[in-house]
Amino acid sequence: MDQNDLGSDIEKILVTEEQINTRLREMAAEIDRDYEGKDLLIVGVLKGAVMVMADLARALHSHVTMDWMAVSSYGSGTKSSGVVRILKDLDTDLSGRHVLIVEDIIDSGLTLSWLLSNLKSRGAASVEICTMLRKPEAIKVDIDVRYTGFDVPNEFVIGYGLDYAEKYRNLPFVATLAPHVYS
């Protein structure tokens, strides 16, 4: 799927496929360096982080194990509800492991703050965060993010794993969704 398939659904492309791929390779190199000689577990947050997690894992030059967790504070709307629910928990014991949470986007930070505390309480040696996108203007809690792809404006964005009502995840770029789609 590309921009031509969408008609008037998108307003503007914020991050191109090429920019995403370049930044992923840069973040992978940083992660390889920072975790050299360590047993790294990357934890993807479903569903949005699927694209980031897959592409990041392929860009890494070191061995990693992967697991998935589904934690949600979103419904089918465009704003965070603030209520955190575990939809799917990890299958991996975190005791003594170096954990890197992989996210698609940090919006308010409320869900991620809860997840960070939850995973740290499970006995991990370390827990860090890697996100493709961050909305600095929307953040409500202070979270230390070790790896950030891009800062984006506080608008509703789609693509590269991000959805609106489960659509648009498969776009290879990040764009703003036209208001007529969700009004």
Side-chain angles (χ1 to χ4, degrees), residues 14-15 19-74 80 82-154 157 159-163 169 174:
L14 298 175
V15 186
Q19 289 171 312
I20 290 169
N21 292 335
T22 297
R23 185 64 186 125
L24 272 170
R25 285 190 301 273
E26 293 168 355
M27 289 191 303
E30 291 174 46
I31 292 165
D32 280 331
R33 182 187 63 242
D34 293 347
Y35 289 94
E36 185 176 353
K38 296 180 180 173
D39 184 20
L40 179 61
L41 169 67
I42 56 177
V43 174
V45 182
L46 295 170
K47 299 178 187 173
V50 168
M51 305 298 185
V52 181
M53 181 91 154
D55 291 345
L56 179 67
R58 286 191 294 249
L60 291 168
H61 291 281
S62 51
H63 293 288
V64 295
T65 53
M66 299 188 295
D67 203 346
W68 297 94
M69 191 167 191
V71 180
S72 179
S73 68
Y74 289 87
S80 173
V83 177
V84 178
R85 296 181 306 142
I86 294 178
L87 305 175
K88 185 227 175 277
D89 208 346
L90 297 173
D91 297 323
T92 308
D93 178 11
L94 301 186
S95 300
R97 302 290 302 267
H98 294 280
V99 177
L100 181 62
I101 300 168
V102 178
E103 270 280 24
D104 54 350
I105 191 166
I106 299 174
D107 200 327
S108 70
L110 295 171
T111 302
L112 191 54
S113 175
W114 179 90
L115 181 59
L116 194 58
S117 295
N118 181 285
L119 297 185
K120 284 180 178 179
S121 75
R122 298 183 192 198
S126 68
V127 181
E128 300 289 346
I129 299 166
C130 175
T131 187
M132 178 52 63
L133 303 170
R134 177 178 58 186
K135 293 182 180 178
E137 297 167 15
I139 293 177
K140 295 180 181 174
V141 293
D142 188 31
I143 298 174
D144 183 29
V145 180
R146 188 151 184 188
Y147 311 98
T148 301
F150 302 93
D151 285 338
V152 294
N154 190 15
V157 294
Y160 200 66
L162 298 159
D163 75 300
R169 289 188 195 277
V174 176

Could you please spell out the steps behind the side-chain contact (heavy atoms from CB on, under 4.5 Å) verdict for Leu119 and Leu90?
CA-CA 10 Å; Leu119 297 185; Leu90 297 173; 3.7 Å; yes
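- With 3.5 Å as the limit, one finds a donor-acceptor pair spanning the side chains of Arg122 and Asn118.
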Name the atoms and distances for all side-chain donor-acceptor pairs under 3.5 Å in residues 39-51, with sequence neighbours left out.
residue: Asp39; atom: OD2; partner: Arg97; partner atom: NE; Å: 3.1
residue: Lys47; atom: NZ; partner: Glu166; partner atom: OE1; Å: 3.4

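- Residues Met66 and Ala57 approach most closely at SD-CB, 3.7 Å, considering heavy atoms.
- Rounded to the nearest 0.5 angstrom, Thr148 OG1 and Glu103 CD are separated by 11.5 Å.
- Side chains of Arg134 and Ile139 form a contact here, defined as non-hydrogen atoms less than 4.5 Å apart.
- When all heavy atoms are compared, the tightest approach of Asp144 to Ile129 is O-CD1, 3.7 Å.
- Listed by chain and number, the residues in a side chain to side chain donor-acceptor pair (under 3.5 Å) with Arg33 amount to none (sequence neighbours excluded).
- For the pair Arg146 and Tyr35, the distance from NZ or CZ to the six-membered ring centre is under 6.0 Å and the angle to the ring normal is within 45 degrees.
- In this structure, Ser113 and Ile143 approach most closely via the heavy-atom pair N-CD1, 3.7 Å.
- The closest side-chain heavy-atom distance from Lys120 to Val99 is not below 4.5 Å.
- Checked against salt bridge (Lys or Arg N to Asp or Glu O under 4.0 Å), Asp91 has the following partners two or more places apart in sequence or in another chain: Lys88.
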Leu162/Leu133 under side-chain contact (heavy atoms from CB on, under 4.5 Å): CA gap, chis, key distance, verdict
CA-CA 10 Å; Leu162 298 159; Leu133 303 170; 3.4 Å; yes
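- Considering all non-hydrogen atoms of both residues, Ala125 and Gly96 come closest at CB-O, 3.5 Å.
- Closest of all the heavy-atom pairs between Pro136 and Asp151 is CG-CG, 3.6 Å.
- Counting only heavy atoms from C-beta outward, the side chains of Phe150 and Val174 never approach each other to under 4.5 Å.
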Intermediate values then yes/no, side-chain contact (heavy atoms from CB on, under 4.5 Å), Thr65 and Thr92
CA-CA 10 Å; Thr65 53; Thr92 308; 5.8 Å; no
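- Looking at Asp32, its side chain does come within 3.5 Å of a backbone N or O of Ser62 through a donor-acceptor pair.
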Chi angles and distances behind the side-chain contact (heavy atoms from CB on, under 4.5 Å) call for Asp104, Tyr160
CA-CA 8 Å; Asp104 54 350; Tyr160 200 66; over 6 Å; no
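- The CE atom of Met132 lies 12.0 Å from the CD1 atom of Ile106; values are rounded to the nearest 0.5 Å.
- Of the inter-residue distances, the one linking Arg58 atom CZ with Arg25 atom CZ reads 12.5 Å to the nearest 0.5 angstrom.
- Between Val157 and Lys135, some side-chain heavy-atom pair lies under the 4.5 Å cut-off.
- Looking at Thr131 and Leu112, their side chains never come closer than 4.5 Å, going by heavy atoms from C-beta outward.
- Considering every non-hydrogen atom in both Thr111 and Val84, the closest pair reads CA-CG2, 4.0 Å.
- For the side chain to side chain contact (heavy atoms under 4.5 Å, CB included) with Leu100, the qualifying choice from Asp34, Ile31, Val127, Val64 is Ile31, the only one to do so.
- In this structure, Trp114 and Ile86 have side chains that are in contact, with non-hydrogen atoms separated by less than 4.5 Å.
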